[in-house]
S.K.: 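What follows is a structure written as structure tokens; I'll ask about it next.
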Amino acid sequence: MSVLNISPIRAFSDNYIWLITRENEAYVVDPGEPEPVTRALDAASLRLAGILVTHHHFDHTGAVKALKEASGCDVWGPPDSPAGPYDHIVAEGSTVSVLGEDFSVLAVPGHTLDHIAYYSRGEQALFCGDTLFVGGCGRVFEGTPPQMRASLSKLTQLPADTRVFCAHEYTLANLHFAQLVEPDNADLSRFLSACEKRRQNNQPTVPSLIGDELAYNPFLRWDSPAVRQTLADAGRLIEDTPDGVFTAVREWKNNA
Ligand code: ZN
Ligand code: FE
């Protein structure tokens, strides 16, 4: 059972900086802005003990330097990162102890080439930055669509009850797009209604669960006959392979 407390700190217009706490100690994941983090730490009298970085983009790293200087904490992040070097360079197979709990590092290139994720079996928690979103996935900026699909595929191998702590609240836009790709998916309609209620109450839709993402996220449904049919009917399926399906869905969303 999980022992760490995990809660969102809102930043910019739609980022979540994840705050991980145990007693009065805290880690943050992907701090793009310092002020909301400092406010959250002060409000709960927390000491910042560490920072985890998933990838180099400014909305995930913009506050690393200021928070490190203010707290003296260490920073973990990927190798060959334009925002690095970090105090601790971690890659696929590395383990990071976060307030006493082990997280393993997964290499998930695609959105950026340096992108990594942090996963804890014990905490049933995945911090995946801009790789997997609720109902969507990150844009493929630096890698290739097959590389991104391989990274997402790796995340789908995690246990179904794994909580997906992604870095943006993009859910409603993602699920509306998902309905174009798979109009008859009942799991998707149900989940969209639940998320709309949460957003009306100004609550986060994150985290979701890996097992649920497999049922409604069009970027993970490259094997779905319904998705392949929609793409084929729309003249969007150039190659009927998993990579071809993923590429076609990503292209469609890019231009939607
Ligand atoms: Zn990013
Ligand atoms: Fe981002």
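Just so you know, ligand 1 is whichever comes first in the structure, and atom 1 is the first atom listed for that ligand. Residue indices begin at 1 and follow the sequence shown.
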S.K.: With hydrophobic residues grouped by side-chain heavy-atom distances under 4.5 Å, do V29 and V105 end up in a single group?
M.R.: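 Both belong to a single hydrophobic cluster.
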S.K.: Verify the neighbour count for atom CZ of F58: are there more than 12 heavy atoms of other residues, nucleotides or ligands below 6.0 Å?
M.R.: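 It does not: F58 CZ has 12 such atoms or fewer within range.
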S.K.: Drop me the distance from Q124's CD to I6's CD1, to the nearest 0.5 angstrom.
M.R.: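 Output value for this atom pair is 10.0 Å.
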S.K.: May I ask you to list the protein N, O or S atoms found at less than 2.8 Å from the Zn ion (ligand 1)?
M.R.: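 Short answer, with waters excluded from the count: H55 NE2, H57 ND1, H111 NE2, D130 OD2.
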S.K.: Decide if atom CG of D87 counts as having more than 12 heavy atoms of other residues, nucleotides or ligands within a radius under 6.0 Å.
M.R.: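 Yes, the 6.0 Å shell around CG holds more than 12 heavy atoms from other groups.
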S.K.: Applying side chain to side chain contact (heavy atoms under 4.5 Å, CB included), can you list everything that pairs with T95, at least two apart in sequence or on another chain?
M.R.: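 For T95, the residues satisfying side chain to side chain contact (heavy atoms under 4.5 Å, CB included) (neighbours in sequence not counted) are D102.
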S.K.: Does a side-chain N-to-carboxylate-O contact under 4.0 Å join D212 and R163?
M.R.: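 Between R163 and D212 there is no salt bridge, as every charged N stays at least 4.0 Å from the carboxylate O atoms.
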S.K.: Under 6.0 Å from the CD atom of Q157, do we count more than 12 heavy atoms belonging to anything else shown?
M.R.: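 Check passes, neighbour count above 12.
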S.K.: Looking at CD1 of I89 and CG of D80, how far apart are the two atoms once the value is rounded to the nearest 0.5 Å?
M.R.: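 With rounding to 0.5 Å, CD1 (I89) is 8.5 Å from CG (D80).
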S.K.: Going by the rule salt bridge (charged side-chain N to carboxylate O under 4.0 Å, His left out), which residues pair with E182 if we only count those two or more places apart in sequence or in a different chain?
M.R.: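 With sequence neighbours excluded, E182 shows a salt bridge (charged side-chain N to carboxylate O under 4.0 Å, His left out) to R221, given in chain and number order.
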S.K.: Could you please give the number of protein N/O/S atoms within less than 2.8 Å of the Fe ion (ligand 2)?
M.R.: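 Under the 2.8 Å cut-off, the count stands at 4.
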